[in-house]
Number of protein chains: 2
Amino acid sequence: MGNYISDAVIKRLPRYRRYLRNLEKSGVSRVSSKELGEMMDVTASQIRQDLNHFGGFGQQGYGYGVAELGNSLEQIMGLDKTYNIAFIGCGRLGQALIGYLNGNEPHYKIVALCDNRPELAGTEIAGIKVMDKEEFKVRMRKGDIDILALTAPARIADEVAGDLEGTGIRGVWNFGHTDITIKGVHVMNVHLSDSLHALTYYINHLD
Amino acid sequence: MGNYISDAVIKRLPRYRRYLRNLEKSGVSRVSSKELGEMMDVTASQIRQDLNHFGGFGQQGYGYGVAELGNSLEQIMGLDKTYNIAFIGCGRLGQALIGYLNGNEPHYKIVALCDNRPELAGTEIAGIKVMDKEEFKVRMRKGDIDILALTAPARIADEVAGDLEGTGIRGVWNFGHTDITIKGVHVMNVHLSDSLHALTYYINHLD
DNA sequence: ATATCCATGTTAAGAATATAACGAGTATTG
DNA sequence: CAATACTCGTTATATTCTTAACATGGATAT
């Protein structure tokens, strides 16, 4: 541990995990890098090379245990632990993500919500009280939030993001339309519109 | 035109455009690759190299015209045209995207909606009637839809995706939790949970 | 008008990433 | 129980992507 592994590799890990869990659900108990590569449309070599950054999970002549490798990948990503997550912005996008996490991601626990719209402040979403900006800033200082999801207009997100220091927040899942960078915190900028624009390029350049 | 340009380059174009439009809003009319690179935290060399795939947009000793380069990038991506887009899945995520597009993306026009839940079928969202699966399949055959956004459970999405041939749909913006590939159609798989999982890896490996 | 500065487009070098090759060890088959 | 087929981990090669270098020509200043 501790040694650097490239972004390209890390970004592929969730996808490997997804395919393995699907195989597991289908009752498949072993898989070779060749088989998995064909399913995922990547080379067997890449799979073996990627996994090898973290250790040897397979066996010669046999392949990989589907459940075991899935577990190992979860451990590598830290999905064997549970994370407290808070949302700034409880509009439709925020609510969509909250609903998804509650239903599908048991390792993420929603512990606090913030929205500055007067009609939302004081209401509850998924059993959690929606706080206004000031109350939320106090709540952040409690120190138990691991990840902050930003699903609010950039202005509000920027303001609150300025107050992260000393809160223990380690990650930001940013859906705002500006890139943000915060010292000591890992920011994942999602940018849905960028993906639509790239898609638009491609549909104009289909062979 | 017609010559291959790598994914890595294409994925960066929307971000360049975003920064340029923001500069334009701030009243900046010219920018050098060095200045832009410092803002965006990329090398000046990469910017020049990326742009050069599409032609020469700058001037020696001067730099790039902010508005002109923004326009050129939009033209490269095809954002000078307008696209008809349809949604399968009008839950919170679908509605969030519909609202965003209507308010912020004038080049995408929402022309059809589909949701199989009985309580939604027949209602209107953003002035568009929500159709059930069968009615929507007929609607697709009209041939005027450019992009299909999949914001529904994989099962339904897969079923409808099987009927794309001959509809003229060129792109799919897929928010489902399985990868899909369709012959002759460009699919942009978004996978929000993958980004959360990668973020989780990183917060466990902050220096 | 002349000289200096700037910043491009482009070519060359370097770094990172992906693919192929292969030796070693396990499972399977007859 | 021997022989064959598999498939891993790993090393080597090939490819792709990024960064640096530089010559050219326009902009700016005096």
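Per chain, numbering begins at 1; letters A, B, ... match sequence-line order. These numbers were taken from a predicted model, which means no experiment stands behind them. In what follows, every heavy atom counts, from backbone to side chain, and hydrogens, waters and symmetry copies are set aside.
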Is a donor-acceptor contact shorter than 3.5 angstrom present between the side chain of Ser6(A) and the base of dA16(C)?
-> no
Mind checking Ser45(B) for me? I need base, sugar-phosphate or nothing, with any heavy atom below 4.0 Å counting as a touch.
-> base
Aromatic plane relationship, Phe175(B) with Trp173(B) - under 30° parallel, 30 to 60° tilted, over 60° perpendicular | perpendicular
Identify the pairs formed between an N or O of the protein and an N or O of nucleotides 26-30 of chain C at a distance under 3.5 Å, and give each distance.
from    : atom 1 : to       : atom 2 : distance (Å)
dT26(C) : O4'    : Gln60(A) : O      : 3.3

Quickly work out the Leu69(B) CG to dT8(C) P distance and round it to whole Å.
-> 10 Å
Hey, which sits more toward the 5' end of DNA chain C by its nearest nucleotide, Val9(A) or Arg48(A)?
-> Val9(A)
5' to 3' on DNA chain D, which nucleotides open and close the contacts with chain B (atom under 4.0 Å from a heavy atom)?
-> dC17(D) to dT28(D)
Among pairs that include at least one residue of residues 142-153 of chain A, which meet side chain to side chain donor-acceptor pair (under 3.5 Å), considering only residues two or more places apart or in two chains?
-> Arg139(A)-Asp144(A), Asp146(A)-Arg170(A)
Return yes if some donor-acceptor pair links the side-chain N/O of Arg18(B) with the main-chain N/O of Asp194(A) below 3.5 Å, else return no.
-> no
Using 30° and 60° as the class limits, which term best fits the ring planes of His177(A) and Tyr100(B): parallel, tilted or perpendicular?
-> parallel
Parallel, tilted or perpendicular: rings of His186(B) and Tyr202(A) (30°, 60°) = parallel
Would a distance-only check, ignoring hydrogens and angles, find a side-chain to backbone donor-acceptor pair under 3.5 Å from Asp50(A) to Val9(A)?
-> no
For the pair Tyr4(A) and Asp207(B), evaluate side-chain hydrogen bond (donor to acceptor under 3.5 Å, both in side chains) and give the outcome as yes or no after the intermediate values.
-> CA-CA 10 Å; Tyr4(A) 174 77; Asp207(B) 321 307; over 6 Å; no
Can you tell me the distance, in whole Å, between the CE atom of Met40(A) and the C1' atom of dA18(C)?
-> 15 Å
Mind telling me whether Tyr108(A) and His197(B) have parallel, tilted or perpendicular rings, with 30° and 60° as the class edges?
-> parallel
Between the side-chain atoms of Gln49(A) and the base atoms of dT19(C), is any donor-acceptor pair under 3.5 Å?
-> yes
